[in-house]
Amino acid sequence: MRIDVLTIFPAYLDALDLSLVGKARRDGLLDLRVHDLRAWTTDRHRTVDDTPFGGGAGMVMRPDIWGKALDDVLATGSVPAPATETPAVGLDHPAPAAAVTLTPAPRQVLLVPTPSGERFTQAMAEDLARADQLVLACGRYEGIDARVAEHYGASSSVEVREVSLGDYVLNGGEVAALVIVEAVARLLPGVLGNPDSLVEESHGAAGLLEYPVYTKPPVWAGLEVPEVLTSGHHGKVARWRRDQALVGTARRRPDMVAALDPHQLDRADRVVLAGQGWFVPAGGRPARVTVRHGRAEDAAALAELAAFTFPLACPPHMAVQDIQAFISEHLTSAHFDAYLADAARYQVLTAESADGVLVGYTLTVLPLSADEPPYADDVAALVTARPAAELSKVYVLPDYQGSGVAGVLLEATAADLAVRVVDGVAPAALWLGTNKANRRAQRSYQRAGFTVVGTRRFRVGDSLEEDLVMVRDLRAGEAAEVGETTGPTSGTR
Ligand code: JE8
């Protein structure tokens with residue numbers, strides 16, 4: 001590959017003699033030429049700038065000087081590199097006597113660093129590494145007269161790309177040139193000693209930040225190298241590194257998490273992301289979901305969510321009108337107004353996606369005194385711990401079912417109950433009734449620490465349902481308080 005850099009500070013690019021790029025040049029893999037723009041001036045003062053039309057502070061680089069320099073550099077780069085192809089041997093039939101070879105025109109890209117350019121990315125570096133010639137035009141002062149990019153952009157033989165390193169202000173394009181040359185050069189065949197690192201970069205952790213790395217000594221400044229890395233267990237090392245990459249990305253680059261391809265996320269990935277408050281809905285990309293206490297203004301949205309999700313949780317034989325009646329008797333906006341207004345009796349937790357949509361909620365009924373038994377006698381006989389709270393509803397939008405949102409809601413529910421007081425004591429147990437036929441629900445409650453203690457009768461209109469009663473001991477483990485962004489394992493890494 002041929003790269004030409006045009007600058008009024010050629011010494012700025014001396015660093016490209018060093019390290020990998022320097023070696024690539026010496027090995028003939030990269031033909032890098034740095035030119036002093038002032039070589040194309042003709043006046044005694046070697047002037048490259050002038051005052052801006054329209055007024056304003058500073059100076060602008062003249063298009064005529066740039067035009068001459070770029071024409072020269074593009075002309076010498078348009079001559080295709082001499083073919084290094086070896087003649088084919090061992091063919092069954094001879095090559096045609098007068099073979100007509102059409103050499104494709106070389107791909108020439110003019111790169112103009114500017115704070116108003118498109119962001120320079122790894123994807124762009126990969127694309128640029130396929131070009132034949134890159135010409136980097138490093139501006140200074142207030143930049144280069146805009147007609148330069150316009151003129152070469154109109155030329156069919158050159159691609160023009162105005163690029164920016166990022167949203168901060170530099171004094172000129174030289175640092176961008178250094179960055180671009182280094183990012184492109186390391187992608188050229190033969191430049192990296194070990195091309196495996198390139199493969200790992202593009203496949204191993206695609207779309208994630210890098211995992212942390214360690215070397216000897218095994219203890220430094222009182223800090224130990226994570227044990228898994230010295231275990232020799234390659235599978236565990238790979239999993240740990242991916243976990244670290246996921247957690248680091250979730251903490252520092254939420255934009256990258258939101259852009260992850262859900263097809264590239266396995267179960268373990270989803271568990272790690274859930275621990276950071278990210279959930280993968282069916283057919284969607286990861287979304288941030290936060291668990292918080294319900295607020296008065298949530299009533300209408302909660303009623304809508306309840307009316308939508310309650311029928312989906314009912315057994316198929318239940319009559320539509322019975323389901324509708326249950327909703328109007330228990331799950332209207334007015335009901336939620338009442339639940340949300342009575343914090344002593346009801347605990348409402350919501351799971352809200354970053355775009356403000358409620359994707360799930362729990363409704364827990366608390367006893368008002370320590371010895372208040374569960375409202376139904378059959379349950380009171382099964383659930384003997386006091387005070388006992390009832391997990392009345394845990395509903396999650398279908399797209400988020402299986403995403404881990406329900407688990408986080410349940411953990412937050414238990415954690416919040418553990419720090420409440422009824423008659424001076426925290427609730428000892430959380431119980432729930434769940435339809436016998438719903439195996440999926442039972443499994444998810446079991447995962448959340450509930451165990452089956454018996455059955456109860458449950459009436460929805462005319463149908464008398466048999467429910468399993470499950471209980472979770474709230475005093476088994478100390479849990480954290482519910483924050484605005486509580487996840488089951490948040491803050492444990
Ligand atoms: C530059 C630059 C990149 C980045 C690139 C080229 C040429 C109009 N402004 C010009 C006014 C303030 C000073 C600026 C100096 N300047 C800056 C960059 C860049 N690529 N990410 N930030 N800044 C030039 C002149």
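Basis for what follows: all heavy atoms, side chains included, without hydrogens, waters or symmetry-related copies. What you are looking at is a predicted structure, and each value in this text was computed from that prediction instead of being measured. In listed order, ligands and their atoms are each counted from 1.
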Closest to [atom] among [options] (heavy-atom distance):
atom	options	answer
atom 15 (C) of ligand 1	Val179, Leu170, Leu111	Leu170
atom 16 (N) of ligand 1	Val163, Asn171, Thr114	Asn171
atom 21 (N) of ligand 1	Gly166, Ala177, Pro115	Gly166

Just checking, any donor-acceptor pair under 3.5 angstrom between side chains of Gln347 and Asp416? yes
With no hydrogens and no angle check, do the side chains of His45 and Asp43 hold a donor and an acceptor under 3.5 Å apart? no
Using the test ring pair (Phe, Tyr, Trp, His ring centres under 6.0 Å), find all partners of Tyr361 that sit at least two apart in sequence or belong to another chain. Phe336, Tyr395
Taking only non-hydrogen atoms of Glu142 and a 4.0 Å limit, the atoms of ligand 1 in range are 8 (C), 11 (C)
Can you list the ligand 1 atoms lying under 4.0 Å from a non-hydrogen atom of Leu165? 3 (C), 20 (N), 21 (N)
Met1 vs Leu134, side-chain contact (heavy atoms from CB on, under 4.5 Å): CA-CA, chis, key distance, verdict: CA-CA 8 Å; Met1 160 169 281; Leu134 304 182; 4.1 Å; yes
So which heavy atom in the protein is nearest [atom], and how far is it from that ligand atom?
atom	value
atom 6 (C) of ligand 1	Pro113 O, 3.2 Å
atom 22 (N) of ligand 1	Tyr168 O, 2.6 Å
atom 12 (C) of ligand 1	Val169 CG1, 3.8 Å

For ligand 1, which is the ligand I care about here, please tell me if Arg140 has any N or O atom under 3.5 Å from one of the ligand's N or O atoms. no
Taking the basic N atoms (NZ, or NE/NH1/NH2) and the acidic carboxylate oxygens, is any pair closer than 4.0 Å for Arg25 and Asp31? no
Counterpart residues, side-chain hydrogen bond (donor to acceptor under 3.5 Å, both in side chains), relative to Arg130 (two or more places apart): none
Residue-ligand contact Tyr141/ligand 1, heavy atom below 4.0 Å: yes
Rounded distance (nearest 0.5 Å) linking atom CD of Glu352 with atom CG of Leu358: 5.5 Å
Nearest-0.5 Å distance, NE2 of residue His35 to CG of residue Asp72: 9.5 Å
Tell me the contacting part of Ala176 for ligand 1: side chain, backbone, both, or neither, using a 4.0 Å heavy-atom threshold, strictly below. side chain
